[in-house]
Every structure is written in C-alpha cells, then in structure tokens.
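Right, one structure below, let's go through it.
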Amino acid sequence: MYKAPRGTSDILSEEQAYWRYIEAKAVDLSRLYGYQRLDTPVFEDAGLFARSIGDNTDIVTKEMYTFEDRSGNLLALRPEGTAPVCRAYLEHGMSNLPQPVKLYYLAAIFRYERPQAGRYRQHYQFGFEAIGESDPALDAEVIDTAWQFFGSLGIKQLSLYINSIGCKGCRPAYLDALKQHYSTRTSKLCEDCKTRLGKNPLRLLDCKQVSCQDAAVSAPKGADYLCAECGAHFAAVQKYLHALNLPFQINNRLVRGLDYYTKTVFEIQPPGEGAQSALGGGGRYDDLIEELGGNPTPAIGFASGMERVVLNLKRQEVSVPGLPKPDVFIAYLGDEAKLEAVKLASDLRQNGIAVALATGVRSLKSQLRQADSLDNKQVVIIGEEEIKRGTVTLRNMVTKEQQVVSQAMLGETLKQSHVREKNG
RNA sequence: GUGAGCGUAGCCCAGUGGUCUAAGGCGUCAGGUUGUGGCCCUGAAGAUCGAGGGUUCAAAUCCCUCCGCUCACCCCA
C-alpha cells in the first residue's frame, strides 16, 4: 500500500472546516489591510533560495528539495515564501507601481526535516509582504496585521516579541562583539553552540542549555550596537506599536533563521511550552531585493504556519463554522420513483439547492437512516402515491412534520424554509 | 542528522510464548414484516497482528534488521 510521504498528510474533510475558516480570515484580513493575492510556482530556480535565504543556513544546506529537471535546470520546491514574492516583484516590474506593493499568499512550503508536532515536510503558510517602503510605521502596521490575524481567529493569550538585529552597517560590529564574548568561554558551551559560534553567532543567544544561557546573560546586547538610523527606526516602531496598543515585549535574544532579515524582527508565540512555539514570524529584509538584482528596495513581511494555527485552534477549543450540508435528502421507493427522484434532484440543483440523493436499492428505513447520519434536516420522499398525484412528501427531520407538496412547488418551498432557518 | 517511546480491522484498543481458527467498542452495511430516521436489539462484512529474517515443538507475544508513526534535540511556520 502506498502512503503519503513522510512528513506530509492528507487534509480530510473533518479538518477542512479549520482550513476554510483560517483561509477566510486570511482573505478578509488581506482586504482590510490592502494586500493583493499572489500565487507563485511551487518550484523555482534553486539559486533563488540559496541567494536569498543564505548559503550557510540549514534550510539551504540540508532541507531543500532540490532536483534537476529533464533539461538540466536546477530547481527547488519552495522552502519559504518571501523569496518567490520578491522574484515576482522584480520580474513584473512592480517597482513601477505605487509603493509599497502589498502581496499575500497561501502556499505549500517544503523542507526536508524530521517531522514532529507542528513541523512537516510539506506545510502551508499564510504570509504577506509589503515591499518598497522603509517607514517604521509600516513595520508597526505589518506587526498589527499579524496580531489581528490571530485575534480574528479567536486564538488568545499570545505573546508578541520584537527585536532589532540592525543593518549591514552596524551588525558586523555586534557579531564581532558576540564572538569575542563567547570565544573566551568556549569550554562552557554545548557542542551545538561551538559550531554556531562560527556559523551564526546570533543563535548562541537563544540556546536552551543552562551553561550557554549563563554565558548569554552577560553577553553584549544588540540594542547597544545599533547604528543611529537603526536605533531611531526601532524606537519609532515601538512608538507606533504603543499607539496601536499592541502588547509587545522586546526580546533581545530573538533571532531569525534566515539571513536576509534586517532591523525589525518579530515573532508571535502561543501560551504554554512546546518546541515549535512560533505561530508566525517575520521582519524587515531591506537588502533582499537588491541582492536579487533589483534597485535598493526596503521591505517587510510576515508568515504563519497553517498547521500550527489549526493546532492552536484545537488546543484552545475555538469553535469554527461547520462545512456546508445538503439542503435536502431525497428518498424514493421503487424503480419508477427512482427515475423521478433523479430528475427532481437535477432540477433542484439547477435551482441552487444542495441535494443528497439516496443511492442503490435500500429500504425507506435505510434511506432515512442515511439521511439522519448525513444530518439532513429535510427529506423528500417520493413513492407510487406521490407519482400518481405529481407531489412529494416533505418531511422535517427535526419536528417530524410531513407535508404534501406539488413537485412544481418543491423548489420554492425548500428555499423558503431555508431562509426561515437562516433567519431563525 | 541524534535520542526516546510506539506500530493488532476505517478509527480507539484487549491480548506479553501454547486455550488466538486474535476479543471488545466506535463506525459501515443489513434486518427487527407490508412506505418513515435518531434510542434499543440481532446479524454481517472488515486483521497477510508494520515488513523481512531468526530462536522455539509452538511467536501478535522473545531476538535482529528495515520501514513507518509520535515526541524531543537541531532548525523553523
């Protein structure tokens, strides 16, 4: 038997209610904040990701699904959403549009990782990017958008962490200071951190090992190394966040895993522990567009993992709207009635009424059981008597009331009761 | 990539060497008379006990290998 590949899963109908709910909120939020949808290909030139995410990041070195197609092009399943959006921005000359250009996506993301709670090899992200504007008010707006997204979903007790990791001008000095600080106490560091020291010193700050945390407490703080511009930018972002009443906390150990981030970074976390805590995260990437061959263009974005959102909706027992059900179930008795039922079902459907039609040869009892298990509120019964008179029997499964309705009037009657149900 | 736990019908699971020709519950299907559901009752279908190898007179049960799932590390959404 074939199985879905490791780290992937089918989203079955019981789950779909959550997904539709999240998508609807995402689409509505995008409308409110002025984002247009952008769908990019599932695969891209592998180089796009190596260039943008960073050659030495885990994503590029060991997590990408890279493959050669039949003409020898080196492609990769997208391991994140921002780079493709930037590529599209450049490819379609969007720098000629009024800035910022605001785009959102709901897309599958692929990373070859060991699966665990909230982490998959194929997962979906809702993300949005605002490109072409450096105003710190935009940082605050993007953070607000992310915050409102979770708020509108009904997920509570979230934490919002922000930090500034500086720009290419001031960050090197900070990294040097960090390296210097840690290199005098390598004996106390865990093995992972020893390699991190050479590869990505920022990561040392959020290591969970006790001895490493001791070293982190006394480590130089990023805020002290920000240049005048980055410092002012960060201060302004906070000013706007205050104005928006967002309950943010500065976390000077907040570091993001992708190389392209500059200045503002932020993350939203659900309550409780659990390894994959981030529900979503984002930040500024002021150098990325230029790195991809465009003019210097500031930008900021955010992405959240849909599976983690679903997980948290379930944990917090948020009730989501159910999936649509048939408006009516049609049961029939005998071959002649079945023929009428088939025609009737088609007519009703063409009138916009969702119909579940009994199948096969079943007793009326069995058909009603089926209707009940499908949670149908209305059942049409058609048998010999009804055919003779050109009528149907309409049974309300909740009240058990039955009425005889002419076949011609059935559609209208059903629509009316549908409206009543909605209003009632 | 590292570590730990686990793999018995669609789902939840009992069974820890012979009584297993594998139990129960949910779900599915049928029936409980002639055209009426939800409760209840009866019955049926559904399992190469994750795969392969080994130990043994005998393996779902013990051992090995592999695969998969779950959780954690790493990393990230």
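Hydrogens, waters and symmetry mates are skipped; everything else that's a heavy atom, side chains included, is used. Below, chains carry the letters A, B, ... as their sequence lines are ordered, and counting in each starts from 1.
Look at NE2 on His123(A): it is 8 Å from C1' on C76(B), rounded to the nearest Å. Between the CZ atom of Arg362(A) and the C1' atom of G31(B) there is a distance of 14 Å, given to the nearest Å. Atom CD1 in Ile268(A) sits about 18 Å away from atom P in C76(B), given to the nearest Å. Straight-line distance from the CD atom of Glu113(A) to the P atom of U70(B): 14 Å, rounded to whole Å. When rounded to the nearest whole Å, the span between CZ of Arg203(A) and P of C76(B) equals 4 Å. Following rounding to the nearest Å, Trp19(A) (CH2) and A77(B) (P) show an atom-to-atom distance of 16 Å. Summarising the geometry, the separation between CG on Leu394(A) and C1' on G35(B) is reported as 16 Å, rounded to the nearest angstrom. When the C1' atom of C74(B) is taken as reference, atom CD1 of Ile59(A) falls 13 Å away, rounded to whole Å.
Spacing of C1' atoms, U19(B) relative to C64(B), comes out at 30 Å, to the nearest Å. Separation of the P atoms belonging to G15(B) and A23(B) is 15 Å when rounded to the nearest angstrom. One C1' atom belongs to C39(B), the other to U48(B), and the distance between them is 39 Å to the nearest Å. A gap of 15 Å separates the C1' atoms of C49(B) and G17(B), to the nearest Å. Spacing of C1' atoms, U42(B) relative to C57(B), comes out at 43 Å, to the nearest Å. Straight-line distance between the C1' atoms of C26(B) and A45(B): roughly 16 Å, to the nearest whole Å. Nucleotides G25(B) and A9(B) place their C1' atoms 13 Å apart, quoted to the nearest Å. Atom name P, nucleotides G46(B) and A77(B): the rounded distance is 49 Å, in whole Å.
A donor-acceptor contact under 3.5 angstrom links the side-chain atoms of Glu386(A) to the base of G35(B). One can find a donor-acceptor pair under 3.5 Å joining the base of C74(B) and the side-chain atoms of Gln116(A). Taking 3.5 Å as the limit, the base of G1(B) and the side chain of Arg114(A) contain no donor-acceptor pair of atoms between them. Below the 3.5 angstrom threshold, one finds a donor paired with an acceptor across the side chain of Arg369(A) and the base of G32(B).
Here the nucleotide nearest the side chain of Arg196(A), chosen from G37(B), A77(B), C74(B), is C74(B). In this structure, of A77(B), U36(B), U70(B), it is U36(B) that holds the atom nearest to the side chain of Ile381(A).
As judged by a 4.0 angstrom heavy-atom cut-off over every strand, Gln367(A) is placed among residues making no nucleic acid contact. Using a 4.0 Å heavy-atom criterion, one finds that Glu80(A) contacts no nucleic acid atom at all. At the heavy-atom level, Phe126(A) lies nowhere under 4.0 Å from the strands shown. Within 4.0 Å (heavy atoms only), Lys3(A) reaches sugar-phosphate atoms of the nucleic acid but no base atom. Among the protein residues, Gly7(A) comes within range of the sugar-phosphate backbone only, with heavy atoms under 4.0 Å from sugar or phosphate atoms but none that close to a base. Residue-level contact check: Ser363(A) touches the backbone only, with heavy atoms under 4.0 Å from sugar-phosphate atoms and none from bases. Across all strands shown, Arg256(A) has heavy atoms under 4.0 Å from sugar-phosphate atoms exclusively, and none from any base.
Between the side chains of Thr393(A) and Glu386(A), at least one donor-acceptor pair of N or O atoms lies under 3.5 Å. Checked by atom type, the side-chain pair Glu291(A)/Tyr285(A) shows no donor-acceptor distance below 3.5 Å.
Figure legend. C49(B) is base-paired to no nucleotide; pairs are counted as Watson-Crick or G-U wobble with both atom distances under 3.5 Å. The pairing partner recorded for G17(B) is none, the criterion being a Watson-Crick or G-U wobble arrangement whose two distances lie under 3.5 angstrom. Base pairing annotation: G27(B) forms no Watson-Crick or G-U wobble pair, as no partner gives both donor-acceptor distances under 3.5 Å. Both distances falling under 3.5 Å, in either a Watson-Crick or a G-U wobble arrangement, occur for no nucleotide opposite G35(B). Nucleotide C71(B) forms a Watson-Crick or G-U wobble pair with G3(B), both donor-acceptor distances falling under 3.5 Å. Taking a pair to require two hydrogen-bonding distances under 3.5 Å in either a Watson-Crick or a G-U wobble arrangement, C62(B) pairs with G54(B).
Lys314(A) forms a cation-pi arrangement with Tyr18(A), by the criterion of a distance under 6.0 Å to the ring centre and an angle within 45° of the ring axis. At least one test fails for Arg121(A) against the ring of Phe110(A): distance under 6.0 Å to the centre or angle within 45° of the axis.
One N or O on the side chain of Asp135(A) and one on the backbone of Ala137(A) form a donor-acceptor pair closer than 3.5 Å. Here the side chain of Arg111(A) pairs no donor or acceptor atom with the backbone of Ile59(A) at under 3.5 angstrom.
Between Gln370(A) and Lys62(A), the residue whose closest nucleotide on RNA chain B is further toward the 5' end is Gln370(A). Nearest-nucleotide assignment on RNA chain B puts the 5′-proximal partner with Ala4(A), out of Arg111(A) and Ala4(A).
The aromatic rings of Phe302(A) and Phe150(A) sit perpendicular, their planes meeting at an angle over 60°, well past the 30° parallel limit.
Looking at Arg78(A), Arg87(A), Arg51(A) one by one, the single match for salt bridge (Lys or Arg N to Asp or Glu O under 4.0 Å) with Glu44(A) turns out to be Arg87(A).
Distances shown here put every side-chain N or O of Ser304(A) at or beyond 4.0 Å from the OP1 or OP2 atom of A77(B). Within the 4.0 Å cut-off from OP1 or OP2 of C69(B), at least one side-chain nitrogen or oxygen of Arg6(A) is found.
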